[in-house]
Amino acid sequence: MLVEPLVEAAKTLAEKRFTVEYPEERESMPDTYRGMLRLDMDTCISCTACEKICPNKTITMVEVKTDKGVKIMPQVGIERCLFCALCEEVCPPKCLTLSKDYSFEAYDKRDLIKRPEELE
Ligand code: SF4
Ligand code: SF4
């Protein structure tokens, strides 16, 4: 009666680990994974399409000083993001994309609001 659980435990010990020593070890995400948004500020045309399409009001356009003057660009409240990728889909120059970065945990909720400069 006791032998069976011991055999199962021994089998489990011999199996490959499924977890990694995060954050020292990072798993690579599949191509279809949708993580932190990234913005190429140089090619953003300030069209506001991303803000308009976002179903959860995650995106707010904010002013950013650039070499060419002040532009409006998306600020993302990532805690509200559904990772639906609609913003990526509508972005004409494809400068707003969802990356494979899943590591954006924060102790303070305010740190989850990412200004355009922080999305680069
Ligand atoms: S992925 Fe979806 S929810 Fe997140 S910012 Fe883009 S449109 Fe909004
Ligand atoms: S849709 Fe793209 S180009 Fe338009 S404001 Fe958003 S990030 Fe910029």
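All of these numbers come straight from a predicted model, not from anything done at the bench. As the structure lists them, so they are numbered: ligands from 1, and atoms in each ligand from 1. For reference, positions follow the sequence shown, starting with 1.
Of the protein's non-hydrogen atoms, the one nearest atom 4 (Fe) of ligand 1 is C81 SG, 2.3 Å. Counting protein heavy atoms only, atom 6 (Fe) of ligand 1 is closest to C87 SG, 2.3 Å. Here the heavy atom of the protein found nearest to atom 3 (S) of ligand 1 is L82 N, 3.2 Å. With hydrogens left out, the protein atom closest to atom 8 (Fe) of ligand 2 is C44 SG, 2.3 Å, a heavy atom.
Ring geometry, Y33 versus Y102: the interplanar angle exceeds 60°, so the pair is classed perpendicular (tilted spans 30 to 60°).
The backbone N or O of K71 lies less than 3.5 Å from no partner atom in the side chain of E63, so there is not a single donor-acceptor pair. Although no hydrogens or angles enter the test, the distance criterion places a donor-acceptor pair under 3.5 Å between the side chain of D101 and the main chain of S103.
Here is the list of ligand 2 atoms found below 4.0 Å of a heavy atom in P93: 3 (S). Listed by atom number, the atoms of ligand 2 under 4.0 Å from C91 heavy atoms are 1 (S), 2 (Fe), 3 (S), 7 (S). The ligand atoms of ligand 1 that sit less than 4.0 angstrom from a heavy atom of F83 are 1 (S), 4 (Fe). Of all atoms in ligand 1, listed by their number and element, those nearer than 4.0 Å to a heavy atom of C54 are 3 (S), 5 (S), 7 (S), 8 (Fe). Residue-ligand proximity, M61 to ligand 2, at heavy-atom distances under 4.0 Å covers atoms 5 (S). Close contacts between ligand 2 and L96 involve ligand atoms 7 (S) [criterion: under 4.0 Å to a heavy atom].
Within 6.0 Å of CD in E25 there are more than 12 heavy atoms belonging to other residues, nucleotides or ligands. Annotation: K57, atom NZ; neighbour count of heavy atoms from other residues, nucleotides and ligands within 6.0 Å does not exceed 12.
Residue contacts with ligand 2: K94 is excluded, as none of its non-hydrogen atoms falls under 4.0 Å. The shell of residues lying under 4.0 angstrom from ligand 1, judged by heavy atoms, includes I59. Within the structure, the closest approach of T48 to ligand 2 falls below 4.0 Å when heavy atoms are considered. Ligand 1 has P55 within reach: a non-hydrogen atom of the residue lies less than 4.0 Å from it.
Shortest non-hydrogen contact noted between L98 and R34 is CD2-CB, 3.5 Å. Closest heavy-atom contact between I78 and L37: CD1-CD1, 3.9 Å. Minimum interatomic distance between P92 and C47 (heavy atoms only, all atoms of both residues): CD-SG, 3.8 Å.
K100 and D31 are joined by a salt bridge, as a carboxylate oxygen and a charged side-chain nitrogen come within less than 4.0 angstrom of each other. Ion pairing of R115 with E118 is absent here, as no side-chain N (NZ or NE/NH1/NH2) approaches a carboxylate O to less than 4.0 Å.
Between the CE atom in M61 and the NZ atom in K52 there is a gap of 9.0 Å [rounded to 0.5 Å]. Here CE of M36 is found 7.0 Å from CZ of F83. Values are rounded to the nearest 0.5 Å.
Metal site remark for atom 8 (Fe) of ligand 1: C84 contributes no N, O or S atom at a distance under 2.8 Å. Taking 2.8 Å as the criterion, C47 counts as a coordinating residue of atom 4 (Fe) of ligand 2, since one of its N, O or S atoms falls below it.
Using a 4.0 Å cut-off between heavy atoms, L39 contacts ligand 2 through its side chain alone, with no backbone atom that close. The proximity of I45 to ligand 2, defined as any non-hydrogen pair under 4.0 Å, involves the side chain as well as the backbone. Counting heavy atoms closer than 4.0 Å to ligand 2, residue E51 contributes nothing at all.
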